[in-house]
Number of protein chains: 2
Amino acid sequence: MKCGCARARLGGGAGTNPSEASDVPDIQRVAPERAQPGHRPGRSSIVRGEIGVGETLPPEMQICEMMDVSRTVVREAIRTLTGKGLIESRPKSGTRVRPPEQWNQLDPDVLRWHLETAKIDRYLAKLFQLRSAVEPAAAALAATHAGEDDIARIRAGCDGMDTAKTNEDFVAADIKFHQAIYFATRNEFFWPIAQMFEITLRQSFTIAAPGSHRPRALREHRAVLDAIAAGDAEAAREATVLLLAHSADDLVRIRGREFETPPAPARRKR
Amino acid sequence: MKCGCARARLGGGAGTNPSEASDVPDIQRVAPERAQPGHRPGRSSIVRGEIGVGETLPPEMQICEMMDVSRTVVREAIRTLTGKGLIESRPKSGTRVRPPEQWNQLDPDVLRWHLETAKIDRYLAKLFQLRSAVEPAAAALAATHAGEDDIARIRAGCDGMDTAKTNEDFVAADIKFHQAIYFATRNEFFWPIAQMFEITLRQSFTIAAPGSHRPRALREHRAVLDAIAAGDAEAAREATVLLLAHSADDLVRIRGREFETPPAPARRKR
DNA sequence: CCGCATTTCATTTGTCATACATTATGACAA
DNA sequence: TTGTCATAATGTATGACAAATGAAATGCGG
């Protein structure tokens with residue numbers, strides 16, 4: 001058990017958090033599920049990779065005394081992390097960190113933890129790759145599957161963008177618009193992607209909006225809405241492709257080259 | 001409390017191991033010793049919708065005596081479900097079911113529970129909608145981002161399909177092939193989709209394979225592999241589109257019309 | 001007497017501490 | 001090598017208390 005002389009925190013953002021200290025602190029790190037929006041972030045060193053993949057973290061009892069909480073709390077935290085696929089615990093061998101491929105990358109919490117540690121540009125780029133794949137298809141499905149209420153929600157998003165005064169309102173309406181499209185597919189497999197979209201964008205909503213070209217964005221959003229309302233799947237797809245392309249342009253313009261380059265060229269075979 | 005005279009089951013905290021499968025009823029995970037053989041193994045009535053959205057389920061103590069287990073177990077189950085976004089509990093008002101849009105549809109367990117209750121054809125159709133949206137893009141990304149090891153994995157899947165004797169082996173190799181493509185994108189947002197893909201297909205792997213046209217499938221899989229290995233994104237995308245189209249044809253032929261019709265036409269507005 | 005704010009109360013979740021059961025790992029012996 | 005057992009870790013049970021909160025009861029002013 002070289003494990004880690006009290007250094008292996010379940011949620012230990014160690015030095016990153018200002019203030020903190022005090023006597024009550026680490027519980028909130030351990031119990032990620034209690035992380036309310038307003039709560040302080042620092043947690044889950046697993047996502048950070050501070051605890052190697054496949055390696056076991058200290059036994060429950062040890063964790064208990066490390067952060068001075070009861071085993072109940074520790075177990076609940078473990079249960080939560082297990083549910084998100086981060087760890088896996090078996091009776092005698094302890095609790096192990098599962099390989100990153102297996103954990104639920106779209107889970108809201110996992111997403112947030114990642115956002116705290118990762119390069120934001122890389123992350124936005126990857127997110128955009130997924131959006132580019134999914135959202136046109138979602139719009140097309142929405143065109144053929146949406147009900148009246150779905151369309152009303154989409155329109156509400158559009159209108160909200162129109163009448164928004166503050167930047168924040170604008171982004172909020174924007175998010176609602178896109179979410180409504182995902183829901184309008186009537187396909188629950190698309191919904192988690194909408195969730196992810198919301199979280200990621202809400203975390204970094206200062207990035208995109210200020211630099212974007214609002215009138216054009218509005219026009220394009222409404223084009224998508226119209227196509228969906230008309231039930232024209234192809235038009236909806238194309239309008240979405242256009243919207244995403246311009247949105248990507250905006251991001252590149254604001255964030256610079258780093259955004260547009262693929263995250264990991266890795267190999268240049270051939 | 002009309003709620004549910006002993007009908008309200010909490011889905012147990014099965015581990016998220018995708019490979020675990022087996023037919024161990026989850027109820028035994030909640031109440032291992034008390035699970036009477038005679039009792040129906042019905043689980044998670046939440047997913048079934050037996051407990052209305054937004055409504056509260058009975059207090060913990062009541063659940064305890066309902067299924068004759070300790071509160072610890074109930075609480076762990078609740079924690080698990082909370083982590084998956086199915087429910088939300090606050091101190092005095094009880095534990096409420098969250099709207100389906102908010103729960104983690106891609107979570108392995110949620111997925112399994114759904115599969116047990118839903119019409120399998122509908123579900124496969126929806127799954128296919130997502131695949132059609134994502135997989136071509138994933139293949140294209142794989143073509144530009146894959147490393148040598150990624151390609152080796154994809155090739156291994158291909159070869160496995162080639163040499164497979166039993167139907168089961170064939171399907172397993174097939175799954176591995178597609179998963180490898182998702183991983184090869186080097187974009188973690190794509191990974192959960194691969195997970196979902198595995199689980200769903202493993203549950204219903206008897207459906208697709210027997211009726212599919214193996215030689216053609218093999219040829220098309222290898223075409224995707226070649227395109228990715230060559231780094232040709234467009235070719236990879238097109239090859240995948242073709243593969244999926246034929247795969248859908250097979251499904252329609254086997255499962256009948258029900259598969260190809262959209263799950264919920266809902267409205268035929270203008 | 002009625003309406004509204006405040007207080008109190010009771011219910012439910014959250015946490016703690018301890019004990020026991022189960023299970024897999026690793027060592028030891030045949 | 002193989003079978004058995006000790007051991008250490010998680011899984012479960014139980015009972016008690018703390019905290020939070022919604023709702024009823026109460027007090028005050030109109």
Side-chain angles (χ1 to χ4, degrees), chain A residues 1-4 8 10-11 23-36 38-39 51 54-83 86-98, chain B residues 1 3-4 8-17 20 22 24-36 51 54-83 86-98 109:
Chain A
M1 276 298 170
K2 55 89 192 128
C3 69
L10 242 195
D23 15 307
V24 215
D26 299 31
I27 306 170
Q28 287 161 7
R29 262 80 169 266
V30 188
E33 69 279 10
R34 286 202 340 198
Q36 308 305 346
H39 243 142
I51 301 184
E55 224 20 72
T56 80
L57 37 83
E60 293 180 351
M61 280 310 297
Q62 208 166 326
I63 298 177
C64 290
E65 53 197 36
M66 265 182 192
M67 18 192 113
D68 205 28
V69 293
S70 83
R71 201 175 146 218
T72 308
V73 178
V74 172
R75 281 195 59 73
E76 302 234 334
I78 287 181
R79 184 56 97 183
T80 300
L81 295 184
T82 303
L86 295 194
I87 58 181
E88 171 187 42
S89 56
R90 281 160 44 190
K92 146 91 183 192
S93 66
T95 304
R96 272 201 276 274
V97 178
R98 302 177 71 192
Chain B
M1 280 296 170
C3 68
R9 283 261 150 65
L10 280 190
T16 18
N17 306 359
E20 178 187 2
S22 90
V24 181
D26 288 15
I27 182 59
Q28 286 172 3
R29 295 239 155 65
V30 184
E33 45 269 278
R34 316 294 197 204
Q36 334 282 4
I51 300 184
E55 222 21 69
T56 79
L57 39 84
E60 294 179 351
M61 282 308 297
Q62 206 166 330
I63 298 177
C64 290
E65 52 197 37
M66 266 183 191
M67 25 187 112
D68 207 28
V69 293
S70 83
R71 203 176 144 217
T72 308
V73 178
V74 172
R75 280 195 58 74
E76 298 244 332
I78 286 181
R79 246 333 161 206
T80 301
L81 295 185
T82 303
L86 295 195
I87 58 181
E88 171 187 40
S89 56
R90 280 164 43 193
K92 144 98 183 192
S93 68
T95 304
R96 271 200 278 274
V97 177
R98 301 177 70 191
D109 292 320

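Only this structure's heavy atoms are used, side chains among them; waters, hydrogens and symmetry mates stay out. Here is how names work: the chains are called A, B, and so on, in the same order as the sequence lines, proteins then strands, and each is numbered from 1.
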* Which listed nucleotide (C:dT15, C:dT13, D:dT12) is nearest to the side chain of B:Glu60? -> C:dT13
* Would a 4.5 Å heavy-atom cut-off, applied to side chains only, mark B:Thr95 and B:Thr82 as touching? -> no
* Asked: Starting at CD1 of A:Ile87 and ending at C1' of D:dA9, how long is that distance when rounded to a whole Å?
  -> 14 Å
* Asked: So which nucleotide does C:dA29 pair with, by the Watson-Crick or G-U wobble rule with both distances under 3.5 Å?
  -> D:dT2
* To do: Have a look at B:Arg71 and say if it touches a base, only the backbone sugar-phosphate, or nothing, with a 4.0 Å heavy-atom cut-off.
  => base
* Asked: Does C:dC2 have a Watson-Crick or wobble mate here (both distances under 3.5 Å), and if so which one?
  -> D:dG29
* To do: Identify, between B:Pro91 and A:Lys92, the residue whose nearest nucleotide on DNA chain C lies closer to the 5' end.
  => B:Pro91
* Asked: Choosing from C:dT13, C:dT15, D:dT10, which nucleotide comes nearest the side chain of A:Pro59?
  -> D:dT10
* Structure fact -> Checking D:dT12, D:dG22, C:dT23 against the side chain of B:Arg90 (C-beta onward), the nearest is D:dG22
* To do: Provide, to the nearest angstrom, the distance between the CD atom belonging to A:Glu88 and the C1' atom belonging to D:dG11.
  => 15 Å
* Once you round to the nearest 0.5 Å, how far does CD1 of A:Ile78 lie from CD of B:Glu76? -> 9.5 Å
* Asked: Expressed in angstrom and rounded to an integer, what is the separation of B:Glu76 atom CD from D:dT14 atom C1'?
  -> 14 Å
* Asked: How many Å lie between CD1 on B:Ile63 and C1' on C:dT12, as a whole number?
  -> 12 Å
* Asked: How long is the span from the CZ atom in A:Arg75 to the OG1 atom in A:Thr80, to the nearest 0.5 Å?
  -> 11.5 Å
* To do: Would you please confirm or rule out a distance under 4.0 Å between OP1 or OP2 of C:dG14 and any side-chain N or O of B:Ser89?
  => yes
* Asked: Can you tell me if the side-chain N/O atoms of A:Thr95 get under 4.0 Å from OP1 or OP2 in D:dT10?
  -> yes
* Asked: What about B:Thr72: does its side chain form a donor-acceptor pair under 3.5 Å with the base of D:dA13?
  -> yes
* **Distance in angstrom units between A:Glu65 CD and C:dA17 C1', rounded** => 14 Å
* **A:Val69, nearest nucleotide to its side chain (from C:dC16, C:dT25, D:dT14)** => C:dC16
* Asked: Which part of the nucleic acid, if any, lies within reach of A:Arg75 when heavy atoms closer than 4.0 Å are counted: base, sugar-phosphate only, or nothing?
  -> base
